[in-house]
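Read the structure below first, then the notes.
Here the structure is a predicted model, which is why all the values come from computation and not from measurement. Counting from 1, the numbers follow the sequence of the chain as shown. For ligands, and for the atoms within them, numbers begin at 1 and follow the listed sequence.
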Amino acid sequence: MASEDYIIKDINLAPKGEILIEWVAKWMPVLNSLYEKFKGPGAFKNKKIALCIHLEAKTAYLALIIKKLGAEVWITSSNPLSTKDEVTAALVKEGVHVFAKHGASSEEYWSYLEKILKNKMDVIVDDGGDICEYLHEHPEYGTNVLGICEETTTGVNRLKELNSAGKLKYPAIAVNDAKSKHLFDNRYGTGQSTWTAITHLTNLNIAGKCVVVVGYGWVGKGVSARAKGMGADVIITEIDPWKALEARMDGFRVMTIAAAAPLGDFFITATGEKEVIRLEHIEKMHSGAFLANAGHFDFEIDITSLKKTAKSCQVVRDEIEEYILKNGNRIYVLARGGIINIAGGLGHAADIMDMSFSVQLSCLNYFLTSGKLEPKLIKVPEEIDRMVTEEKLGVEGISIDKK
Ligand code: NAI
């Protein structure tokens, strides 16, 4: 591939990336069976497909499947903090156009989106809504776009806003809202991988600790259930009265973030909203408290104000920053407030992403075989949602009764 067709950190990292991708490929049987199903009809042949998604081994495997189906593939990370440079190198070796580097600046990040979109994509996989936003600002790049498949809650919320304002210019599928996606990936996937990342980074025990989970949506439910399972004392904070009551009935203590601030040993945000943990809360926390974010963007904890007011900040361990506050307390921020399970770990389990990416591949196929559709937000077709879940049940060796 010509050197202007990719931007990565170091091509020599490819062998390590290949091992990571080979491993996850073994645990994605539903995606592998879809490859067998879609390769005959040839809908992907010579199509241009872009992915703007956390760039690690599972996403790389999705990109390779799309390429094997005959498409030309461009990929960048939806968050430079989650990019695995070994994986990007392995993808370039396989002929995928990659524009991503771990820790890329905001300027570099947006320039990557442009480098991809100017090649006039047919279908786009988005994760968080940034490439969709860029496409709306630069409609000259969108003339061939048949549709956008959105992976996560934050991106779907942005699409819903565009759709209800009548400003959505392309058909878009809310992949996140498929039952086979959010019921498993957001809940069990994030639930497990958030704690895998935190325990790995801190090397600390969770049993007996007080864990405060901010937001009791699908991600918050998974993170708190797993914390409870490990023996933590879990507190939930919410703004939605139904979710708050649901958390109470699930056996958790529920209170405001101001009340929870002095109690927590670990604070995990899972809302998709800006600055849900602010300086006024951090100043009430006890010395040694940990802050982490499981939401899509790194804005849920107000780290900017923390940086401005703290007496000092130093990296004390891989992905752990220690802030000394004016009151002398030490506060630890994990993965710089970025998406903890990916920026500070390996992301979701491969066999969970098998379902999410099977929905993605099926939705790409849907756009490629449906011709031009209306520019509106649509649901994942019921037959796709059901097919992926039934395939997964089959993989697990489970039969269920019929009505
Ligand atoms: P959701 O919409 O099901 O839940 C969000 C919850 O946060 C809602 O119950 C809402 O009432 C609550 N909330 C909003 N503002 C709050 C505040 N100030 N204080 C307390 N609670 C508040 O969304 P979901 O699916 O749980 O996703 C949450 C975030 O996680 C999104 O940014 C999503 O994109 C991201 N996500 C991250 C994953 C990961 O791998 N880490 C996987 C899937 C989603």
Anything under 30° is parallel, anything over 60° is perpendicular, the rest tilted; go ahead and classify Phe266 against Phe290.
parallel
What do you reckon, does Asp185 have a nitrogen or oxygen under 3.5 Å from a nitrogen or oxygen of ligand 1?
no
Return yes if a side-chain donor-acceptor contact under 3.5 Å exists between Ser33 and Glu391, otherwise no.
yes
Considering non-hydrogen atoms of the protein only, which is the closest contact for atom 32 (O) of ligand 1, and what is the distance?
Thr154 OG1, 2.6 Å
Closest approach of any protein heavy atom to atom 27 (O) of ligand 1, naming residue and atom:
Thr153 OG1, 3.4 Å
Have Asn32 and Tyr61 got a donor and an acceptor in their side chains that come within less than 3.5 Å?
yes
Does only the side chain of Thr271 get under 4.0 Å from ligand 1, or the backbone, or both, or neither? Count heavy atoms.
both
Would you say Asn176 has any N or O atom under 3.5 Å from an N or O of ligand 1, going by distance alone?
no
Is Glu273 touching ligand 1 with its side chain, its backbone, both, or neither, if touching means heavy atoms under 4.0 Å apart?
side chain
For Tyr170 and His136, take the angle between the two ring planes, folded into 0 to 90°, and tell me which bin it lands in: parallel under 30, tilted 30 to 60, perpendicular over 60.
perpendicular
Looking only at protein heavy atoms, what sits closest to atom 17 (C) of ligand 1 is Ile239 CG2, 3.6 Å
Tell me, which protein residue and heavy-atom name are nearest atom 42 (C) of ligand 1, and how many Å apart are they?
Thr190 OG1, 3.3 Å
Check the pair Ser82 / Asn79 against side-chain hydrogen bond (donor to acceptor under 3.5 Å, both in side chains), numbers first and verdict last.
CA-CA 6 Å; Ser82 61; Asn79 180 339; 4.8 Å; no
Quick check: Val219 and ligand 1, any N/O pair under 3.5 Å apart?
yes
How far is atom 4 (O) of ligand 1 from its nearest protein heavy atom, and which residue and atom name does that atom have?
Gly217 CA, 3.1 Å
With no hydrogens and no angle check, do the side chains of Thr271 and Glu300 hold a donor and an acceptor under 3.5 Å apart?
yes
Looking at Lys243, which atoms of ligand 1 are within less than 4.0 Å of one of its heavy atoms?
8 (C), 9 (O)
Sub-3.5 Å donor-acceptor pair from the side chain of Asp185 to the main-chain atoms of Ser356, do we have one?
no
Residues Thr59, Glu56; criterion side-chain hydrogen bond (donor to acceptor under 3.5 Å, both in side chains); working and verdict:
CA-CA 6 Å; Thr59 22; Glu56 44 75 55; 3.1 Å; yes
Could you check atom 33 (C) of ligand 1 against the protein and tell me its nearest heavy-atom contact, residue, atom and distance included?
Thr152 OG1, 3.4 Å
Is Val276 close to ligand 1, meaning an N/O of one under 3.5 Å from an N/O of the other?
no
Nearest-0.5 Å distance, NZ of residue Lys118 to NE2 of residue His138:
12.5 Å
Got the closest protein heavy atom to atom 41 (N) of ligand 1, with its distance?
Ala294 O, 2.8 Å
Please state which part of His348 comes within less than 4.0 Å of ligand 1, counting heavy atoms only: side chain, backbone, both or neither.
side chain
If the plane angle is over 60° it's perpendicular, under 30° parallel, otherwise tilted; pick one for Phe184 and Tyr188.
tilted
Which of the numbered atoms in ligand 1 are below 4.0 angstrom from a heavy atom of Gly272?
29 (C), 31 (C), 32 (O)
Structural part of His296 in contact with ligand 1, heavy atom criterion under 4.0 angstrom:
both
Does a side-chain N-to-carboxylate-O contact under 4.0 Å join Arg253 and Asp233?
yes
Is the contact between Ala270 and ligand 1 made by the side chain, the backbone, both, or neither, using heavy atoms and a 4.0 Å cut-off?
backbone
With atoms numbered from 1 as shown, which atoms in ligand 1 lie under 4.0 angstrom from a non-hydrogen atom of Val214?
19 (N), 20 (C)
